[in-house]
Amino acid sequence: MTIRITGMNSGLDTDSIITELVSAYRAKGDKYVKEQTKLSWTQDLWKSLNTKIFNFYKSLDKLRLGTSVKKKTTVSDPTKATITAGSGAVSGTQTLKVKELATGGYVTGGELKKSSGEKVTSNDTLSSLGYSGSGKITIKGQEGSKDINVSGTTSISDLVKQINDSGVGVKASFDADNQRIFISSLKTGEETDIELSGDQGAIDALGLSASTGAVIREGKNAEIELNGATYTSSNNTFKVNGLTIQALAKTADNEELSITTDTDTQGMYDDIKDFISSYNELINELSSYYNADSAKGYEPLTSDEKDAMSESDIAEWEKKIKGSLLRRDSTLSSIMSAMTTAMSSTVTVNGKNFGLANLGIKTLGYFASSKNEKNAFHIDGDEDDSYSSENEDKLMAMLNSDPEAVSEIIKGIASKLYSNMDEKLKGSTTLKSAYTVYNDKEMAKSYSDYTTKIKEWNEKVEKIEESYYKKFSAMEVALGKLQSQMSAFTSMLG
């Protein structure tokens, strides 16, 4: 650190004078810092908006690639089966019987006993169970078979681990409370039987043979009867003619479940409403930034400027600037235009052109809309929308009369919206990254350039400041010599 002794001969406040002399240079450096700060805020804002834009863009897949018509299904006893209807499901009533549930192969071992009469633990070895030989046990499951080496020194925990690591599609465990080994298949179906062979003495000692009380259950396929036709599955799930049937429990011998399938008009309505709500939320936020009030005359504050203000005043000052960062921004305007153009387009269905307005989905008009909601859509008859709740519900009426047409209209609009947004998002350039609507690379470079510029400017100011100090120091030295000469002259004059 440089130590300077100034003003000793001149009596001048050299530090204050030099600070004032270089203030104009420092002000230019402050300008760079403010510009960089504003750029940083702009980057943060764009990152947040880009995430929202991208997430909305991806959400369009549900509509543009979705099924043509949504179906719903009810079953007379949901404790016996659950039914999900796909777009290909036939409307009407069908009958279902659950004849069998799928089970996996299972071995419940016999109760283990030690010759000492003590309880068996997982650390006990086969020798404590009466086996002192050395051999192999072969375990067979759905995924193949595996030989496991055993001896009198093999512990129960070691055996369980070897079974679990065998890769044959089974899982073993030892229940210390019930003193039994359990082995179950990882899947269900008739191909999941579990077989144990090899050293019978070891198998018996482990309680895994029928002669030692083990219970072996074979795997079975599930079986249902739909409209009189029989279907089987290795698990309890069946996919038949657009229906996904999950069997939960067997029906009684004379019991028959009733399945009713119909168009899910309410589900389709809710999906469309969610789409419009998501669009409105995004376009309104973009509009609020584009139409923001001017912050002319407001710039980021320096540390000295902040010291002269309260925290609340600083917050309001910065809020004003941050809110106006994208005012009349061309990139923002471009993405908004891409979105609104697609939403106001038409789709040809059965030789006729349809737009959202034909479904009772439209904007309120320029003068009737609230600020920054000029591009928002409202659904006629929507009970949650105070602007349009009293209007005729055209959307539900069309869903009830021609759900296929409504689905095609929405899919077409969503596809155009996706395509327009895709053009703005996709592709990496020297200015922007892929799936980014703003020039993030260009901004990052500008930020780095500011860092370099600020560093170089500060170094320049330091040199100018040092130059002034040298000049004032020379002046002090000259004044000191002059004062010394004057003193000597005065002494001579006596």
Could you please spell out the steps behind the salt bridge (charged side-chain N to carboxylate O under 4.0 Å, His left out) verdict for Glu143 and Lys187? CA-CA 10 Å; Glu143 305 298 329; Lys187 297 180 180 179; 3.8 Å; yes
Can you tell which of Glu100, Glu190, Glu191 makes a salt bridge (Lys or Arg N to Asp or Glu O under 4.0 Å) with Lys220? Glu100
Any salt bridge between Glu255 and Lys250, counting N to O under 4.0 Å? no
Note, Lys441 side chain near Lys432 side chain (heavy atom, < 4.5 Å): no
Does anything in residues 408-431 pair up under ring pair (Phe, Tyr, Trp, His ring centres under 6.0 Å), and if so which pairs, sequence neighbours excluded? Tyr57-Tyr418
Positive for salt bridge (Lys or Arg N to Asp or Glu O under 4.0 Å) with Lys273, one of Asp380, Asp382, Asp385: Asp382
Taking atom NZ of Lys416 as the centre, report whether more than 12 heavy atoms of other residues, nucleotides or ligands fall under 6.0 Å from it. yes
Is a donor on one side and an acceptor on the other found under 3.5 Å between the side chain of Thr265 and the backbone of Leu399? no
Tell me the closest heavy-atom pair linking Ala214 and Leu208, and the distance in Å. CB-C, 3.7 Å
Is the number of heavy atoms from other residues, nucleotides or ligands under 6.0 Å of Lys114 NZ greater than 12? yes
Beyond-backbone contact of Phe354 with Thr346, side-chain heavy atoms, under 4.5 angstrom: no
How close do Pro300 and Thr37 get, heavy atom to heavy atom, and via which atoms? CB-CG2, 3.9 Å
Let me confirm one number: the CD1-CE distance from Ile379 to Met396, rounded to the nearest 0.5 Å. 10.0 Å
Out of Asn439, Thr331, Thr436, Asp440, which one pairs with Trp46 under the side chain to side chain contact (heavy atoms under 4.5 Å, CB included) rule? Thr331
Given the options Asn420, Ile53, Leu286, Met339 meets side chain to side chain contact (heavy atoms under 4.5 Å, CB included) only with Leu286
Mark yes or no for whether Lys140, through its side chain, and Val168, through its backbone, hold a donor-acceptor pair below 3.5 Å. no
Do Thr138 and Ile148 have side chains that get closer than 4.5 Å, going by heavy atoms? no
Go through the steps to decide whether Phe238 and Tyr231 satisfy the test ring pair (Phe, Tyr, Trp, His ring centres under 6.0 Å), and finish with yes or no. CA-CA 8 Å; Phe238 299 80; Tyr231 301 88; 7.4 Å; no
Checking Lys70 against Thr263 for the side-chain hydrogen bond (donor to acceptor under 3.5 Å, both in side chains) test, could you report, in this order, the C-alpha distance in whole Å, the side-chain angles of both residues, the deciding distance, and whether it holds? CA-CA 6 Å; Lys70 198 169 188 176; Thr263 300; over 6 Å; no
Backbone N or O of Phe377 within a donor-acceptor pair of the Asn280 side chain at under 3.5 Å? yes
Looking only at side-chain N and O atoms, does Asn372 offer a donor or acceptor that is under 3.5 Å from a partner on Asn291? yes
Can you check whether Thr73 reaches Ile259 side chain to side chain, under 4.5 Å on heavy atoms? yes
Criterion side chain to side chain contact (heavy atoms under 4.5 Å, CB included) on Trp41 and Glu318, from CA distance to verdict: CA-CA 10 Å; Trp41 290 347; Glu318 293 186 348; 3.8 Å; yes
Side chains of Thr125 and Ser127: any donor to acceptor distance under 3.5 Å? yes
Give the intermediate values and the outcome of side chain to side chain contact (heavy atoms under 4.5 Å, CB included) for residues Ile410 and Asp271. CA-CA 10 Å; Ile410 296 298; Asp271 285 347; over 6 Å; no
In the structure I gave you, are the side-chain heavy atoms of Lys113 and Leu129 within less than 4.5 Å of one another anywhere? no
Can you tell me if Ser415 uses its side chain to pair, donor with acceptor, with the backbone of Lys411 under 3.5 Å? yes
Answer yes when Asp262 and Lys72 have at least one side-chain N-carboxylate O distance shorter than 4.0 Å, and no when they do not. no
Determine whether Tyr131 and Thr154 make a side-chain contact, defined as any pair of heavy atoms from C-beta on separated by less than 4.5 Å. no
Donor on one side chain, acceptor on other, Gln246 and Thr237, under 3.5 Å: yes
We want to know whether Asn375 and Thr340 form a side-chain donor-acceptor pair, criterion being a heavy-atom distance below 3.5 angstrom. no
Which pair of heavy atoms, one from Gly323 and one from Ala292, lies closest together, and at what distance? O-CB, 3.1 Å
Could you check whether any side-chain heavy atom of Lys99 comes within less than 4.5 Å of a side-chain heavy atom of Ile224, counting everything from C-beta outward? no
Between Lys136 and Asp199, does any NZ, NE, NH1 or NH2 come within less than 4.0 Å of an OD or OE carboxylate oxygen? no
So for atom CG, which belongs to Asn350, do other residues, nucleotides or ligands contribute more than 12 heavy atoms lying within a distance under 6.0 Å? no
Minimal non-hydrogen separation, Glu285 against Ser288, with atom names: O-OG, 2.6 Å
Trace of the side chain to side chain contact (heavy atoms under 4.5 Å, CB included) decision for Ser185 with Gln142: CA-CA 8 Å; Ser185 62; Gln142 186 179 21; over 6 Å; no
List for me each residue that meets side-chain hydrogen bond (donor to acceptor under 3.5 Å, both in side chains) alongside Asp393, sequence neighbours excluded, and say none if there are none. none
Where the side chain of Glu408 meets the backbone of Ala405, is there a donor-acceptor pair that is under 3.5 Å apart? no
Under 3.5 Å, is there a donor-acceptor pair linking the side chains of Asp270 and Gln266? yes
Would you say the side-chain atoms of Asp204 and Thr212 include a donor-acceptor pair closer than 3.5 Å? no
Any donor-acceptor N/O pair, Ser155 side chain to Asp158 backbone, under 3.5 Å: yes
Has the side chain of Thr451 got a donor or acceptor atom that lies under 3.5 Å from a matching backbone atom of Tyr447? yes
Nearest heavy atoms of Leu417 and Met343, plus distance in Å: CD2-SD, 3.9 Å
Could you tell me if the side chain of Thr261 sits less than 4.5 Å from the side chain of Val90, heavy atoms only? no
Indicate yes or no for a side-chain donor-acceptor contact from Thr192 to the backbone of Gly189 under 3.5 Å, with no hydrogens or angles considered. yes
Looking only at non-hydrogen atoms, find the nearest pair between Tyr438 and Gln43 and report the distance. OH-O, 4.2 Å
Might you work through the salt bridge (charged side-chain N to carboxylate O under 4.0 Å, His left out) test for Lys80 and Asp77, ending with a clear yes or no? CA-CA 6 Å; Lys80 301 290 176 63; Asp77 187 350; 3.6 Å; yes
Can a donor-acceptor pair be found, under 3.5 Å and without considering hydrogens, that links the side chain of Thr452 to the backbone of Ser448? yes
Is it true that Ser59 and Tyr279 share a donor-acceptor pair across their side chains at a distance under 3.5 Å? no
In terms of side-chain heavy atoms, does Asn123 have a donor or acceptor partner in Thr121 at a distance below 3.5 Å? no
Assign the ring pair Tyr435 / Phe54 to parallel, tilted or perpendicular, where the plane angle (0 to 90°) is split at 30° and 60°. perpendicular
Using modelled atom types and a 3.5 Å cut-off, is there a donor and acceptor pairing between side-chain atoms of Arg180 and backbone atoms of Leu112? no
Under 3.5 Å, is there a donor on one side chain and an acceptor on the other for Ser287 and Lys374? no
